[in-house]
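Notes to accompany the following structure.
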Amino acid sequence: MTAAATDAHVGSKGTQKVAPGPILLLGAPGVGKGTQAKELMAKWGIPQISTGDLLRYHRDHATPLGQQAKETMAAGKLVPDELVTRMVAERLKQPDTAAGYILDGFPRTLNQAEWLDRHLAADAKTLPVIAVSIQVGYTQLLRRITGRRSCPVCGTIYNICLQPPRVDEKCDLDGTPLVRRSDDTEEVFQERMRAYETQTAPVVEHYRARGRFEEVNGDQPVEKVAVDVMTAVARLRG
Ligand code: AMP
């Protein structure tokens with residue numbers, strides 16, 4: 001489907017003809033879920049709900065949840081389902097989720113997926129969930145993760161090798177010194193990949209088996225991945 005067809009589906013001036021509903025972005029660490037979620041957010045005006053961002057907020061503000069999750073996150077392991085689902089349930093109560101939302105980094109286990117299925121089934125007004133899985137090879141992921149930097153003020157994501165800022169280690173938009181996530185090291189990446197392969201890969205199969213699922217090649221320029229993700233979403237909602 002072309003970009004024009006995607007526009008026709010959602011309204012060319014940002015006016016929504018069809019509510020996008022719940023959208024899941026699936027994929028290993030570093031495939032670009034956050035970047036693509038921001039594109040979808042701009043297109044549909046629906047929020048990105050990143051469980052990683054929510055957990056980092058709790059950790060940085062030393063809330064009880066943040067204190068419980070901190071060590072697990074530093075080790076690249078998954079935070080217990082019960083903590084994460086409670087946090088997501090709270091977030092989904094916010095009124096900005098009424099027309100839809102993009103879940104980025106959730107569900108990460110079969111338990112979380114089953115919880116989400118039950119949670120959505122209990123709400124008669126919600127559209128069925130659609131899932132887009134982004135694929136990127138291991139070596140490329142490692143380069144992306146270890147080179148990843150972000151602006152702590154505006155959230156723009158860079159990569160010092162693949163997509164560097166104009167001025168070394170400074171944000172192009174506001175000049176703020178860029179930061180590196182403490183878990184974006186090679187050692188923690190390997191643990192995060194292990195968690196992905198053992199606990200999250202079955203989630204991809206869960207949604208594949210249920211239909212309303214598409215795969216996108218994430219090893220392409222960001223804009224091309226964005227077109228493919230938009231096209232997949234439009235087709236799945238068609
Ligand atoms: P992310 O920013 O999505 O890579 O997440 C960073 C870290 O937060 C992960 O390595 C986990 O420790 C934790 N985390 C994020 N989302 C989840 C989730 N859905 N379930 C369990 N742990 C999570």
Side-chain angles (χ1 to χ4, degrees), residues 22-38 40-41 47-92 101-120 129 131-134 136 138 140-152 155-159 178-204 206-207 218:
I23 302 170
L24 308 185
L25 282 184
L26 306 174
V31 295
K33 298 188 293 293
T35 303
Q36 295 305 326
K38 286 184 176 59
L40 289 171
M41 209 167 101
Q48 167 196 16
I49 302 177
S50 154
T51 45
D53 285 349
L54 289 173
L55 287 166
R56 277 185 288 279
Y57 176 90
H58 282 278
R59 181 196 62 195
D60 296 346
H61 290 79
T63 67
L65 166 57
Q67 282 165 336
Q68 280 175 279
K70 194 175 162 182
E71 278 179 27
T72 315
M73 292 171 75
K77 297 191 187 323
L78 294 186
V79 172
D81 292 333
E82 213 260 321
L83 296 184
V84 180
T85 51
R86 218 179 326 134
M87 183 179 77
V88 172
E90 279 306 310
R91 181 64 185 86
L92 293 182
Y101 46 86
I102 304 135
L103 279 170
D104 156 11
F106 180 92
R108 281 259 233 297
T109 65
L110 268 182
N111 258 339
Q112 292 177 13
E114 284 160 6
W115 174 88
L116 183 67
D117 293 345
R118 287 194 301 277
H119 190 83
L120 295 177
V129 76
V132 178
S133 172
I134 306 175
V136 174
Y138 186 93
Q140 178 69 355
L141 287 179
L142 179 61
R143 288 177 70 206
R144 288 191 187 188
I145 287 282
T146 51
R148 180 159 68 179
R149 302 288 184 276
S150 67
C151 172
T156 304
I157 300 167
Y158 298 88
N159 186 292
L178 302 179
V179 293
R180 181 187 195 186
R181 271 173 51 173
S182 53
D183 58 349
D184 275 350
T185 61
E186 182 164 353
E187 193 192 11
V188 181
F189 169 74
Q190 280 165 359
E191 188 53 45
R192 288 159 72 197
M193 279 305 284
R194 263 194 293 276
Y196 179 79
E197 278 153 16
T198 56
Q199 291 165 277
T200 310
V203 172
V204 174
H206 173 82
Y207 287 105

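One-based numbering along the sequence shown. In each ligand, atom 1 is the first atom listed, and ligand 1 is the first ligand listed.
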For atom 4 (O) of ligand 1, the closest protein heavy atom turns out to be Arg181 NH2, 3.2 Å
Return the NE2 to CG distance between His119 and Leu92, rounded to the nearest 0.5 Å. 5.0 Å
Heavy-atom proximity to atom 5 (O) of ligand 1 ranks first, among Lys77, Met73, Arg108, Arg192, for Arg108
Looking at residues at least two apart in the chain, or sitting in another chain, which of them share a side chain to side chain contact (heavy atoms under 4.5 Å, CB included) with Thr198? none
Would you please test Met41 and Ile102 for side-chain contact (heavy atoms from CB on, under 4.5 Å) and show each step? CA-CA 8 Å; Met41 209 167 101; Ile102 304 135; 4.3 Å; yes
Go through ligand 1 atom by atom and flag the ones less than 4.0 Å from a non-hydrogen atom of Gln112. 18 (C), 19 (N), 20 (N), 21 (C)
Pairing of Arg192 and Asp184 as salt bridge, 4.0 angstrom limit: yes
For the residue pair Pro107 and Ala113, what are the closest heavy atoms and their distance? CB-N, 3.4 Å
Output yes when Glu114 and Arg118 qualify as a salt bridge under the 4.0 Å nitrogen-oxygen rule, no when they do not. no
Protein contact of atom 22 (N) of ligand 1 - nearest heavy atom, named by residue and atom, plus distance: Val79 N, 3.1 Å
Go through ligand 1 atom by atom and flag the ones less than 4.0 Å from a non-hydrogen atom of Leu55. 8 (O), 13 (C), 14 (N), 15 (C), 23 (C)
Test side-chain contact (heavy atoms from CB on, under 4.5 Å) applied to Val129 and Leu103, step by step: CA-CA 10 Å; Val129 76; Leu103 279 170; over 6 Å; no
So, regarding Asp183 and ligand 1 (criterion: nitrogen or oxygen to nitrogen or oxygen, under 3.5 Å), is there a contact or not? no
Could you say whether the N/O atoms of Thr51 and ligand 1 ever approach to under 3.5 Å? yes
For Gly105, is at least one N or O under 3.5 Å away from an N or O on ligand 1? yes
Just jot down the ligand 1 atoms closer than 4.0 angstrom to any heavy atom of Arg56, in number order. 2 (O), 6 (C)
Where does Val84 meet ligand 1, judged by heavy-atom distances below 4.0 Å: at the side chain, the backbone, both, or neither? side chain
